[in-house]
Amino acid sequence: MAERDVSDDEEMTISSDLVVTKYKTAAEIANNTMATLIKECVVGASVRTLCQRGNTLIEADTGKVFKKDKDLRKGISFPTCVSVNQCICCFSPLPSDADVLLADGDIVKIELGTHIDGYIVQIAHTLVVGASAENKVTGRKADAIMACHLAAEAAHRLIKPGSSDEAVAATVQKIAEAFSCKPIEGTQSFQMGRNEICGEKSIVLNRGEAAAARRATDKCEFAMNEVYSVDIAVSTGDGKTRATDTRTTVHRRTDDTYSLKMKASRAFFSEVEKKFGPMPFSLSSMEDERKARMGVVECVKHGLLEPYHVLYDKENEFCAHFRFTMLLTSHGVDRITKNYLELDTVQSEGKIEDVEINALLATSTSVKSQKKKKKKAVAEATASQ
């Protein structure tokens, strides 16, 4: 029997079993790293150490897989960031920066990413230090966490081939309102491709002013064999982000070109291209921090690198952040990163009254359930002919 002719494009999508295997291997490493960091978020833990720990685990575990292919690149697709309380995202301090030590009751957002051969997986989780079934999270912290969690669960069910981002954005907004919260402006969920963290399609949950979104987007319609990094961030405040003088340490290479003038900048950018390629990275991963802090300035100024600024919520407000990676396969929608929220540790006074949203949240998300539903629909269609 002749081998089926497979195009290069098909080999690079999740229609290929090998590609799915690479995604799921990367997801397993991301999940295990996240589980470890969650356990280590205790009173007195160093945020800097947690970030270093996450990156070290990812590098070590990705180094153990697909070892036969020496040219296959793998490792970090988003550096470990640990953002505390009003800090929303992208906090990854350098050794020379002031550290943050976790305290009881802190609301902590962890984000990280992995990749195998350029197939990217991202995950983010929110927890409260010291929370347990006996010591539940309550008040506005609980509202933010539950609103964000349920919004993510709704997005999981709504993102499927044939549907669009409009229903996702509208539903997330309604869920946030049920808990007197707002989606954080400019937060985007992206379609991802091989070595492409921000693909052609994206979902903006709260556009705010036009400048708040990273880029203008058209209506997004989901299709088979696409991969999405679904990013949900919710605030008890007005949903607007605020920049401070906190150092930006996470960057990503762009497709722009420029002839750098400074020797330090050229050496820095060469190291970035060699070690990270198109993946976001932290300056803490560079060989020489001082030289990196010098070289990054010219690279950002001339558009060679895109900075991921450390963003903050309004003082005395709380924010929660969940992110997951999902594959839109022919067998159903497969969420390959885990949800680590322990619902018995969170007690919110908020409640969703919308009948349609509650019905949506009650539907199963298991791939097996989706397969059975699809087979039943085909059988019924055949019988009616």
Side-chain angles (χ1 to χ4, degrees), residues 24-65 74-93 95 99-116 121-138 141-142 144-146 148-149 152-153 229-234 250 282 284-285 318-325 335-348:
K24 291 196 171 184
T25 303
E28 183 179 5
I29 294 169
N31 288 331
N32 290 341
T33 303
M34 180 62 77
T36 298
L37 293 178
I38 289 170
K39 292 178 182 177
E40 296 182 2
C41 284
V42 296
V43 173
S46 156
V47 166
R48 181 190 296 120
T49 300
L50 288 168
C51 292
Q52 292 171 343
R53 172 85 162 134
N55 294 339
T56 299
L57 286 171
I58 292 170
E59 293 284 11
D61 288 349
T62 53
K64 298 173 185 176
V65 298
K74 52 198 175 179
I76 296 169
S77 70
F78 196 89
T80 305
C81 296
V82 179
S83 306
V84 182
N85 294 331
Q86 282 71 46
C87 187
I88 299 170
C89 63
C90 302
F91 186 71
S92 178
D99 200 359
V100 174
L101 302 181
L102 298 185
D104 188 55
D106 280 346
I107 184 166
V108 180
K109 285 77 64 180
I110 309 170
E111 52 190 325
L112 58 90
T114 59
H115 80 95
I116 302 292
V121 169
Q122 295 185 322
I123 183 173
H125 176 72
T126 298
L127 61 89
V128 173
V129 178
S132 66
E134 294 73 34
N135 183 31
K136 298 181 187 295
V137 182
T138 59
K141 290 178 188 176
I145 291 171
M146 285 306 299
C148 197
H149 161 69
E153 291 298 303
S229 171
V230 183
D231 205 8
I232 311 289
V234 167
V250 179
S282 172
S284 62
S285 297
F318 302 104
C319 55
H321 183 199
F322 291 98
R323 181 187 294 154
F324 59 92
T325 302
R335 178 173 173 169
I336 57 175
T337 50
K338 292 182 179 180
N339 175 13
Y340 286 97
L341 181 64
E342 296 179 355
L343 292 175
D344 64 348
T345 67
V346 184
Q347 184 176 316
S348 170

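Just the heavy atoms: all of them, side chains too, but no hydrogens, waters or symmetry mates, feed the values below. The structure presented is a predicted model; accordingly, all values stated were derived computationally and were not measured.
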Among Ile123, Thr25, Asp61, Ile58, which residue satisfies the side-chain contact (heavy atoms from CB on, under 4.5 Å) criterion with Thr114? Ile58

Short question: side chain of Lys109, backbone of Ala320 - any donor-acceptor pair under 3.5 Å? no

Please report the closest heavy-atom contact between Val65 and Ile29, naming both atoms and the distance. CG2-CD1, 4.4 Å

Test side-chain contact (heavy atoms from CB on, under 4.5 Å) applied to Phe322 and Val230, Thr126, Thr337, the passing residue: Thr126

Can you find a pair of side-chain heavy atoms, one from Val100 and one from Pro93, that are under 4.5 Å apart? no

Taking all heavy atoms of Val129 and all of Leu127, pick out the closest pair and write down the distance. N-CD1, 3.9 Å

Could you give the distance from OG1 (Thr62) to CD1 (Ile76), rounded to the nearest 0.5 Å? 7.5 Å

Applying salt bridge (Lys or Arg N to Asp or Glu O under 4.0 Å) to Lys24 and not counting sequence neighbours gives Asp334

Might you work through the side-chain hydrogen bond (donor to acceptor under 3.5 Å, both in side chains) test for Asn339 and His125, ending with a clear yes or no? CA-CA 8 Å; Asn339 175 13; His125 176 72; 5.1 Å; no

CG/Leu341 to CD1/Ile38 distance, rounded to the nearest 0.5 angstrom? 9.0 Å

Taking every heavy atom of Cys90 against every heavy atom of Ser83, the minimum-distance pair comes out as N-OG, 3.5 Å

Any donor and acceptor pair, going by atom type alone, linking the side chain of Lys74 with main-chain N or O of Glu59 inside 3.5 Å? no

For the side chain of Asn31 and the backbone of Lys338, is there at least one donor-acceptor N/O pair under 3.5 Å apart? yes

Heavy-atom closest contact (Cys81 atom, Val250 atom, distance): SG-CG2, 3.9 Å

From Asp344 atom CG to Lys136 atom NZ, the distance as rounded to the nearest 0.5 Å: 5.5 Å

Keeping Lys141 on the side-chain end and Ile107 on the backbone end, is there a donor-acceptor pair under 3.5 Å? no

Is Thr345 reaching over with its side chain to a backbone N or O of Ser132, donor-acceptor style, under 3.5 angstrom? no

Judged by atom type as modelled, is there a donor-acceptor pair below 3.5 Å linking the side chain of Gln347 to the main-chain atoms of Ala142? no

Considering only heavy atoms from C-beta outward, does the side chain of Thr80 approach that of Leu57 to under 4.5 Å? no

With a 4.5 Å cut-off on side-chain heavy atoms, are Leu50 and Leu102 touching? yes

Can you name the side-chain hydrogen bond (donor to acceptor under 3.5 Å, both in side chains) partners of Thr49, sequence neighbours left out? Ser46

Between the main-chain N or O of Gly54 and the side-chain N or O of Thr33, is there a donor-acceptor pair closer than 3.5 Å? no

Tightest non-hydrogen contact, residues Asp106 and Leu101, listed as OD2-O, 4.2 Å

If a pair satisfies salt bridge (Lys or Arg N to Asp or Glu O under 4.0 Å) and one of its residues is in residues 30-44, list it, with sequence neighbours excluded. Glu40-Arg53

Backbone N or O of Gln122 within a donor-acceptor pair of the Thr325 side chain at under 3.5 Å? yes

Under a 3.5 Å distance rule, please check whether Asn55 uses its side chain to pair with a backbone N or O of Pro79 as donor and acceptor. no

Starting at CD1 of Ile116, measure out to OG of Ser77 and round the result to the nearest 0.5 Å. 10.0 Å

Rounding to 0.5 Å, atoms SG (Cys89) and CZ (Phe78) come to a distance of 7.5 Å

Can you tell me how far SG of Cys319 sits from CD1 of Ile145, rounded to the nearest 0.5 angstrom? 10.0 Å

Donor-acceptor contact present, side-chain Asp99 to main-chain Arg48, <3.5 Å: yes

